[in-house]
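So the structure is just underneath, and the comments pick up after that.
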Amino acid sequence: MGKEYTLEEIAGPRPAAIITIAVALGLLLIAVGTLIPILNARHTAYADMAPTFKYIFAAGAAILLIARICSSYKGKILRLKRLYRIELWSALFFCVGAFFLFDEPDSTRNWIAFTLAGAAIQLYTSFMIPRTVRKALNGKI
């Protein structure tokens, strides 16, 4: 059907360990920065953390964006290259959400919308990248 690829041709060179750690740290900070306002509405123990969630979220978005820019796909599969570019757009959506956190402090609509859009894209690529690699290994691409 399709061309048989080796795993090295599909995945390209591995990203540096610091890039992988930065992506995990950025996504974790984004999740914590999103959960703090939710927990603050339910428990008064988190009331001291209310003003800091913006900085936690923004730091996570910036770390994720830098990590996504520094890790580009160098394999031979065009579909995977597009999926990795979509992951970069996810980081950009998180950064726009962080901008709206500081620009419109009284409104939560815009930053939540961009955070959800970034999360949806991140979720989509987290399922599609392994699926595309598996298809390429089986020669179905």
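Residues take their numbers from the sequence shown, with the count starting at 1.
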Donor-acceptor contacts under 3.5 Å from residues 113-121 side chains, at least two apart:
residue, atom, partner, partner atom, Å
Thr115, OG1, Trp111, O, 2.6

- Message: Is there a side-chain contact (heavy atoms from CB on, under 4.5 Å) between Leu101 and Phe53? Walk through the geometry before answering.
- Response: CA-CA 10 Å; Leu101 265 176; Phe53 83 94; 3.6 Å; yes
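- Distance check: Arg85 CZ to Tyr73 OH gives 11.5 Å after rounding to the nearest 0.5 Å.
- Rounding to the nearest 0.5 Å gives a distance of 13.0 Å between CD1 of Ile21 and CG of Leu28.
- To the nearest 0.5 angstrom, Ile36 atom CD1 is 5.0 Å from Thr52 atom OG1.
- At a threshold of 4.5 Å between side-chain heavy atoms, the hydrophobic network of Ile, Leu, Val, Met, Phe, Trp and Tyr places Leu35 and Leu123 in two separate groups.
- The 12-atom threshold is exceeded at CZ of Phe102, counting heavy atoms of other residues, nucleotides or ligands nearer than 6.0 Å.
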- Message: side-chain contact (heavy atoms from CB on, under 4.5 Å), that's the test. Do Tyr84 and Ile129 meet it? Break it down for me.
- Response: CA-CA 8 Å; Tyr84 280 104; Ile129 288 173; 3.6 Å; yes
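- Closest approach of Ala136 and Ile77 over heavy atoms only: CB-CD1, 4.2 Å.
- Listed by chain and number, the residues in a side-chain contact (heavy atoms from CB on, under 4.5 Å) with Phe99 are Asp103 (sequence neighbours excluded).
- Sorted by first and then second residue, the pairs that involve residues 75-84 and meet salt bridge (charged side-chain N to carboxylate O under 4.0 Å, His left out), not counting sequence neighbours, are Glu9-Lys76.
- In terms of heavy-atom proximity, Ile56 sits nearest to Gly33 at CG2-N, 3.9 Å.
- For the atom pair OG of Ser71 and CD1 of Ile66, the computed distance is 12.0 Å after rounding to the nearest 0.5 Å.
- Counting only residues at least two apart or on different chains, the salt bridge (charged side-chain N to carboxylate O under 4.0 Å, His left out) pairs with a member in residues 55-70 are Arg68-Glu87.
- Here Thr34 contributes atom OG1 and Ile112 contributes atom CD1; the two are 6.5 Å apart, rounded to the nearest 0.5 Å.
- Screening Ile19, Leu88, Leu92 for a side chain to side chain contact (heavy atoms under 4.5 Å, CB included) with Ile69, the sole residue that qualifies is Leu88.
- Here the shortest heavy-atom pairing between Leu65 and Ala91 reads CA-CB, 3.8 Å.
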- Task: Report the C-alpha distance between Ile30 and Phe57 in whole Å, list the side-chain angles of each, state the deciding distance to 0.1 Å, and finish with yes or no for side-chain contact (heavy atoms from CB on, under 4.5 Å).
- Result: CA-CA 5 Å; Ile30 289 170; Phe57 185 88; 3.6 Å; yes
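- In this structure, CD1 in Ile86 is found 7.5 Å from OG1 in Thr125, a value given to the nearest 0.5 Å.
- Here salt bridge (charged side-chain N to carboxylate O under 4.0 Å, His left out) pairs that include residues 111-120, with residues two or more places apart or in two chains, number zero.
- By the side-chain contact (heavy atoms from CB on, under 4.5 Å) test, Leu137 pairs with Leu7, Ile10, Val133, sequence neighbours left out.
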